[in-house]
Amino acid sequence: MPVDLSNEKYVVLSHDNAHATIYYYGATLTSWVVEGKERIFVSSKAILDGSKAIRGGIPLAFPHFGTVESSKLPQHGFARNSKWTFVGLTFENANESTAVFSLTPEGVPAELSELWPFGFKLFYTVSLLSSPARLRTSLRVVNTDSKEWEFTALLHTYFKVDDITKVGVSGLQSTTYFDKPTQTHITEESSRVTINSEVDRAYLKVRGEVLVDQLVTATVERHGIKFNEEGLVGLLKIRKSSSMSDVVVWNLWEEKAKAMADMGDEDYLRYICVEVGAVEPFIKLGPGESWEGFQIVEAIEE
Ligand code: BG6
């Protein structure tokens with residue numbers, strides 16, 4: 001069965017040997033299992049009752065990423081705190097299973113909706129693709145208002161890793177990033193970004209694909225002598241639409257994990273956020289106009 005609607009909180013989409021779980025709350029995808037292996041991180045203290053944005057998965061940032069001086073909305077806007085509607089299964093064939101969710105102002109909590117009083121419709125499309133196994137998530141933004149408005153948007157993906165200290169992110173070299181902790185713009189020098197302390201960076205206009213890998217140690221034997229050899233193993237390949245060319249890399253690290261109510265003390269070791277989005281500049285959308293951005297994540301087989 002490509003789609004299971006039996007749970008009142010979420011939809012399960014299946015294709016080949018892959019499954020994805022998407023909550024109606026926030027349209028937050030909380031699980032992507034490929035060949036029995038979970039690729040998405042959800043905090044051990046995540047709140048899943050719809051009273052707070054889910055800490056983990058792929059929360060959606062809309063109508064803005066982060067906090068914005070001109071907006072009274074909370075950080076990352078309201079899409080992740082809203083009740084989305086399951087529209088239906090749009091594709092179901094040998095290559096993919098695709099489910100679509102939508103959001104209009106009626107699904108937004110009233111106290112948030114009144115802070116952003118514009119007509120809009122969002123479509124969030126989740127596809128499981130095969131050969132190789134990929135997850136495609138796409139956000140389409142439609143202005144249903146009679147006035148122009150502006151937005152930024154981001155797919156805030158938390159990937160599950162075994163050990164953050166062994167993880168690297170490639171594809172960011174020579175890109176300028178906004179470093180949130182120091183509030184400065186810096187050009188990335190490293191061909192493989194590693195994480196050994198808090199990292200909170202918005203890489204702007206990333207050209208190609210982004211690769212997440214992991215350093216592994218294996219014991220090899222040569223001439224009867226055993227050696228420990230280190231090597232890099234690819235975990236995920238992330239492609240994105242040209243409309244979503246910014247990439248946020250975030251791990252809050254130990255101290256902040258302890259201070260965050262919905263993050264387990266050790267959880268920072270088990271995730272890396274690589275968040276594809278359009279965070280700068282704001283995109284203007286006129287009445288009746290629409291915009292779309294997407295990511296395609298490939299689960300690299302080990
Ligand atoms: C990241 C931001 O995208 O989201 C970080 O760059 C932020 O600055 C993080 O801390 C988590 O945000 P929130 O609102 O879910 O705690």
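Just so you know, ligand 1 is whichever comes first in the structure, and atom 1 is the first atom listed for that ligand.
Of all atoms in ligand 1, numbered sequentially from 1 with element shown, those under 4.0 Å from a heavy atom of Lys180 are 5 (C), 8 (O). Taking every non-hydrogen atom of Val248 and a distance limit under 4.0 Å, the qualifying atoms of ligand 1 come out as 3 (O), 6 (O). Near Arg55, meaning under 4.0 Å from any of its heavy atoms, are these atoms of ligand 1: 11 (C), 13 (P), 15 (O), 16 (O). For ligand 1 and Arg80, the ligand atoms under 4.0 Å from any heavy atom of the residue are 13 (P), 14 (O), 15 (O).
Between the side chain of Trp116 and the backbone N or O of Phe78 there is no donor-acceptor pair closer than 3.5 Å.
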Q: Kindly determine whether Thr137 and Gln295 satisfy side-chain hydrogen bond (donor to acceptor under 3.5 Å, both in side chains), including the steps that lead there.
A: CA-CA 6 Å; Thr137 69; Gln295 66 174 349; 3.3 Å; yes
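Residue Arg201 places every heavy atom at 4.0 Å or more from ligand 1.
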Cut-off 3.5 Å, no hydrogens considered: what does the side-chain donor-acceptor table look like for residues 227-236, sequence neighbours left out?
{"residue": "Asn228", "atom": "OD1", "partner": "Thr219", "partner atom": "OG1", "Å": "3.0"}
{"residue": "Glu229", "atom": "OE2", "partner": "Arg222", "partner atom": "NH2", "Å": "2.2"}

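At the top of the distance list for atom 3 (O) of ligand 1, counting protein heavy atoms only, stands Glu275 OE1, 2.7 Å. Atom 12 (O) of ligand 1 has its closest protein heavy atom at Gln75 NE2, 3.2 Å. Looking from atom 11 (C) of ligand 1 to the surrounding protein, the closest heavy atom is Trp250 CH2, 3.5 Å. The closest protein non-hydrogen atom to atom 4 (O) of ligand 1 is His156 NE2, 2.8 Å. For atom 6 (O) of ligand 1, the nearest protein heavy atom (residue, atom name, distance) is Asp200 OD1, 2.6 Å.
Arg201 forms a cation-pi arrangement with Tyr177, by the criterion of a distance under 6.0 Å to the ring centre and an angle within 45° of the ring axis.
For the 3.5 Å distance criterion, the side chains of Thr152 and His64 fail to qualify, holding no donor opposite an acceptor.
Listed by first and then second residue, the ring pair (Phe, Tyr, Trp, His ring centres under 6.0 Å) pairs that reach into residues 276-298 are Phe151-Trp291, sequence neighbours excluded.
Contact annotation: for Lys256 versus ligand 1, there are no heavy atoms closer than 4.0 Å.
Using cut-offs of 30° and 60° for the angle between ring planes, the Trp250 and Tyr271 rings count as tilted.
By the 6.0 Å contact criterion, CD on Glu189 is open, its count of non-hydrogen atoms from other residues, nucleotides or ligands being 12 or less.
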